[in-house]
Amino acid sequence: MIKPRARSTKPGAALLAWYDAHRRELPWRALAGEAPDPYRVWLSEIMLQQTTVATVKQRYAAFLSRWPAIDDLARAPLDDVLAQWAGLGYYARARNLHACACAVVEAYKGRFPRDEAALRRLPGVGAYTAAAIAAIAFDQPCVAVDGNVERVIARLHAVEAPPRKVAPLIREKAAALMSPARPGDSVQALMELGALICAPRTPDCPACPLSPDCAARRLGAQSDYPAREVKAPKPKRRGAIFILRRGDEALLLRRPPRGLLGGMNAFPSTPLTQDIAAAEFSRFAPAPARWRALEAPVTHIFTHFALEATVFVAHTRGKAAPADCRWAARANLGKEGLPTLMRKAAAHAGLLDA
DNA sequence: TAGGCGTGGGT
DNA sequence: TACCCAAGCCT
């Protein structure tokens, strides 16, 4: 039996001390001792949902510069927000971001509520984000459990079940590490530890302030935690994307209202959530024309399926756009806010740089 | 409640 | 190549 290494401070205090010494400076993070801006905290939390810090770093400044305060964002057309979001994925976030800004302006005069329950009712704000905003922006004793926290706690206590199956336990153990005097820093410290030290693949245990207390490390089994969820196999689907050109200056675009790529500009296509046999492609063309299939298909991996899309190109002289479609100037294609799959198709057809 | 919902980087 | 993973939310 290996005993925990003796220590003179409690784990929560050790965690905070580590955070004070090693915290990153991030564009959305207030400097030590400065008051955070709730709008910036909220904006960053939405962008960071299932998205890496490195990616958000590249995109956050442009958002903040374009819409420096929540009133600016609420006044902006939704289309502008979606175009600015293009390429970031999970586009419901952008629709909810705009809806949330409007809600805060209308219901709260542009000031975010401080209450976790009230935050939780805002569009796009779930259990994690509500707790994170309450703790980080308003220093309230709320426990925000994200993937980092799940991993840290699962290792610290050698939790055998997948974290989502034992959420109350994870939350309770995370709460035990919070310092009542500094809830916001405690929450960020847990996440920072998961991001910098207690990493998914190769945790840097010698540098970890919690290693004397870590059950997984005592077992020498850090990589066994957290327990993996069983996941469904990712199906492969085939489909077609139709790029209709009018003369040399216009392209046909449509906009799926919801669901996959909802709200985003797109070329007409087969229903991408279905596997369509090649023989059926022509049924889904947006207009009769001499459709020519490009040589190799475009491939794209979504969260829950892999797509192999044949890109068809045709020219038309017709002025009228088919139902649900519109003509967009080719010169503006780069500003239309195309999701990545559609950018790939456009690049494949020589209409955009890859 | 489990599945739908993007994307890019790492191994 | 084929996974895994990232400061999740919604229905």
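Residue numbers begin at 1 in each chain, while the letters A, B, ... track the order of the sequences.
Considering only side-chain atoms of A/Asp146, the nucleotide from C/dC10, C/dG8, B/dC5 that sits closest is C/dG8. Picking from B/dG6, C/dC10, C/dA7 the nucleotide with the shortest atom distance to the side chain of A/Arg93 gives B/dG6. Each of C/dA7, C/dC10, B/dG6 was ranked by its minimum atom distance to the side chain of A/Arg120; first place goes to C/dC10. Nearest nucleotide to the A/Leu260 side chain, out of C/dG8, B/dC5, C/dA6: B/dC5. In the set C/dC5, C/dA7, C/dG8, the nucleotide with an atom closest to the side chain of A/Thr129 is C/dG8. Nearest to the side chain of A/Pro339, among B/dT7, C/dA7, B/dC5, sits B/dT7. Of the candidate nucleotides C/dA6, C/dC4, B/dC5, C/dA6 has the atom lying nearest to any side-chain atom of A/Gln50.
At the phosphate of C/dA6, OP1 or OP2 sits under 4.0 Å from a side-chain N or O atom of A/Arg151. Remark: A/Arg343 is not in phosphate contact with B/dT7, judged by side-chain N or O atoms under 4.0 Å from OP1 or OP2. For A/His300 and B/dG6, the shortest distance from a side-chain N or O to OP1 or OP2 is not below 4.0 Å. Contact check, A/Thr340 against B/dG8: a side-chain N or O comes under 4.0 Å of OP1 or OP2. OP1 and OP2 of B/dG3 both lie 4.0 Å or more from every side-chain N or O belonging to A/His304. For the pair A/Thr303 and B/dT7, the criterion of a side-chain N or O lying under 4.0 Å from OP1 or OP2 is not met. At B/dT7, one or more side-chain N or O atoms of A/Tyr91 fall inside 4.0 Å of OP1 or OP2 (strictly under the cut-off). Close to C/dC3, at under 4.0 Å from its OP1 or OP2, lies no side-chain N or O of A/Lys231.
Partner A/Asn265 forms a side-chain hydrogen bond (donor to acceptor under 3.5 Å, both in side chains) with one of A/Arg326, A/Lys335, A/Arg254 and no other, that one being A/Arg326.
No contact: A/Arg121 has no heavy atom under 4.0 Å from any strand. Residue contacts shown for A/Arg228 are limited to sugar-phosphate atoms, with no base heavy atom under 4.0 Å away. A/Ile136 comes within contact range of no nucleotide atom at all, as no heavy-atom separation falls under 4.0 Å. Residue contacts for A/Ile46: at a heavy-atom cut-off of 4.0 Å it reaches no nucleic acid atom on any strand shown. Using a 4.0 Å heavy-atom distance criterion, A/Trp28 is classed as a base contact. Contact annotation for A/Gly87: backbone-only contact, meaning every heavy-atom pair under 4.0 Å involves sugar-phosphate atoms and none involves a base. Contacts of A/Val125 with the nucleic acid, taken as non-hydrogen atoms under 4.0 Å apart, involve only primed sugar atoms and P, OP1 or OP2.
Regarding A/Lys344, its NZ atom lies at a distance of 14 Å from the P atom of B/dG6, rounded to whole Å. Atom CD of A/Glu45 is separated from atom C1' of C/dC9 by 13 Å (rounded to the nearest Å). Following rounding to the nearest Å, A/Phe305 (CZ) and B/dT7 (C1') show an atom-to-atom distance of 13 Å. With rounding to whole Å, A/Gln274 atom CD is found 14 Å from B/dG4 atom C1'. As rounded to whole Å, 12 Å separates atom P of C/dA6 from atom OH of A/Tyr90.
A donor-acceptor contact under 3.5 Å links the side chain of A/Thr51 to the base of B/dG6.
Ring geometry, A/Trp42 versus A/Tyr39: the interplanar angle falls from 30° to 60°, so the pair is classed tilted. A parallel orientation is assigned to the rings of A/Phe242 and A/Phe312, their planes being inclined by less than 30° (bins at 30° and 60°).
Both A/Pro123 and A/Ser44 sit near DNA chain C, but only A/Ser44 has its closest nucleotide nearer the 5' end. Comparing A/Thr52 and A/Leu122 by the nucleotide of DNA chain C whose heavy atom lies nearest to each, the residue mapping closer to the 5' end is A/Thr52. Along DNA chain B, the nucleotide closest to A/Gln58 and the one closest to A/Ala232 are compared, and the more 5′ of them pairs with A/Ala232. Residue whose closest nucleotide on DNA chain B sits further toward the 5' end, between A/Thr273 and A/Lys165: A/Lys165.
Nucleotides B/dC5 and C/dA6 have their C1' atoms positioned 15 Å apart, rounded to a whole Å. With C1' as the reference atom, B/dT1 and C/dG8 are 16 Å apart, rounded to whole Å. When the P atom is compared between B/dG8 and C/dC9, the two are found 22 Å apart, to the nearest whole Å. Comparing the C1' positions of B/dG3 and C/dA7 gives a spacing of 22 Å, expressed to the nearest Å.
Hydrophobic clustering, with ILVMFWY side chains joined whenever heavy atoms are under 4.5 angstrom apart, groups A/Phe305 together with A/Leu341.
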Trace of the salt bridge (Lys or Arg N to Asp or Glu O under 4.0 Å) decision for A/Glu308 with A/Lys236: CA-CA 8 Å; A/Glu308 181 182 291; A/Lys236 299 185 197 320; over 6 Å; no
A/Arg40 vs A/Glu34, salt bridge (Lys or Arg N to Asp or Glu O under 4.0 Å): CA-CA, chis, key distance, verdict: CA-CA 13 Å; A/Arg40 299 185 185 201; A/Glu34 288 190 349; over 6 Å; no
Intermediate values then yes/no, side chain to side chain donor-acceptor pair (under 3.5 Å), A/Gln49 and A/Tyr128: CA-CA 10 Å; A/Gln49 288 169 4; A/Tyr128 160 76; over 6 Å; no
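Atom CD of A/Glu295 is surrounded by 12 or fewer heavy atoms from other residues, nucleotides or ligands within 6.0 Å.
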